[in-house]
Amino acid sequence: MNKMNRVTKQNLITYAIVIVAYLIVMLLGLTGHISSLMEGLLVPLCIYVILAVSLNLVVGILGELSLGHAGFMCVGAFAGAFFSMCTKEAMPAGLRFLLALVIGAAVAAVFGILIGIPVLRLRGDYLAIVTLAFGEIIKNLMNVLYIGRDETGFHFSMKDSMALGLSPEGKTIINGPQGITGTPHDASFTIGIALILLTLFIILNLIHSRDGRAIMAIRDNRIAAESIGINVTKYKLMAFTLSASIAGVAGVLYAHNLSTLTALPKNFGYNMSIMILVFVVLGGIGNIRGSVISAVVLTLLPELLRGLSDYRMLIYAVVLIAMMLFNWSPKAVTFRERYSLKRLLHREKTPDNHAAQ
């Protein structure tokens with residue numbers, strides 16, 4: 001019972017940190033203490049937090065290295081933006097955006113299942129390479145995809161927009177490298193915070209559930225988990241698909257924060273996946289609250305120190321290496337285990353001291 005109360009308390013602290021940060025930002029905005037540049041970073045900040053938390057489910061909780069998160073984000077972004085463009089004039093903005101979120105999450109989840117079934121049989125570097133390839137394939141596929149609509153229905157092509165054969169009243173929705181133009185600007189900081197809280201609620205409850213314990217058992221010792229009857233494929237696919245689905249939600253939020261959505265390397269390329277991984281590693285692998293804090297710090301710091309913006313990726317690489325050494329070096333592991341043991345012994349002695357008094 002005490003353990004459950006402690007877990008609930010830690011979860012509530014995490015929610016409270018997000019809510020307090022939101023209230024502070026809104027207060028600063030009302031008093032005019034936030035620049036227009038910082039206002040423009042608020043929605044991307046929410047997107048990065050969602051991506052970091054969702055990737056931590058795979059990297060930290062499941063224990064697998066995935067570099068395809070930008071690909072799932074890309075799939076969700078284009079699916080949600082495509083739906084919004086098709087229903088732009090036929091549906092209220094709030095309902096349209098809600099359905100776009102659901103569709104983006106569902107499409108990303110389907111891709112997560114399709115990629116996860118063959119890929120999750122791989123481990124370590126092989127899994128990272130294949131998921132990285134998936135992200136690059138998705139990005140390049142979006143750059144050669146043309147979809148239009150007229151009174152006869154939808155038209156598809158992978159050649160150019162002229163090959164769609166649209167009538168004069170028709171309209172090209174996805175225009176290859178030019179992407180989707182005119183997506184409704186439905187994203188806001190408030191919606192982003194709500195999605196962060198929803199993501200935290202889903203991930204934290206999964207971690208502390210029976211399924212979450214099974215996933216962590218697979219991470220700690222796959223053979224031992226199989227020996228006690230845990231379906232390794234099922235739980236690995238569950239974590240991978242849920243992570244992909246939440247990345248799709250972040251993609252929808254990203255698409256509805258821009259007037260033009262394009263599949264460029266800076267948006268959905270290799271560097272985006274590495275940056276999300278840096279958020280996870282810096283915050284602590286398996287530490288959900290740490291992912292939130294690191295995503296905020298690493299997103300705001302380059303803008304606060306714009307003079308160092310040219311060296312941002314270099315700083316990310318150095319931080320990634322340093323944190324990996326801290327997390328995996330034998331001396332660091334021994335130090336953390338010793339520190340955790342001291343805390344546990346102190347916690348066990350405390351009730352006895354109170355009882356003696």
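When a residue number appears, it is its place in the shown sequence, counting from 1.
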Atom NZ of K171 with >12 non-hydrogen neighbours under 6.0 angstrom: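 Atom NZ in K171 is not packed in, count stays at 12 or less.
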F201, CZ: over 12 other non-hydrogen atoms inside 6.0 angstrom: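 No.
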Are the side chains of [X] and [Y] in touch, meaning some heavy atoms are under 4.5 Å apart?
X    : Y    : result
E39  : L41  : no
F134 : K139 : no
I147 : H155 : no
L258 : T183 : no
T262 : M142 : no

Set of ring pair (Phe, Tyr, Trp, His ring centres under 6.0 Å) partners for F97, sequence neighbours left out: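 F97: ring pair (Phe, Tyr, Trp, His ring centres under 6.0 Å) contacts with H256.
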Ring pair (Phe, Tyr, Trp, His ring centres under 6.0 Å) partners for Y254, two or more places apart: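 Expected list: F268.
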Check: [X] side chain, [Y] main-chain N or O, donor-acceptor pair, under 3.5 Å:
X    : Y    : result
E64  : L127 : no
S84  : A81  : no
N257 : L253 : no

Is a donor from one side chain sitting under 3.5 angstrom from an acceptor on the other, for [X] and [Y]?
X    : Y    : answer
D211 : S209 : no
R96  : T87  : no
S188 : H185 : no

Shortest non-hydrogen contact from I215 toward A239: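 Taking every non-hydrogen atom into account, CD1-CB, 4.0 Å.
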Output field: ring centroids F154/F82 closer than 6.0 Å: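 Yes, the ring centres sit under 6.0 Å apart.
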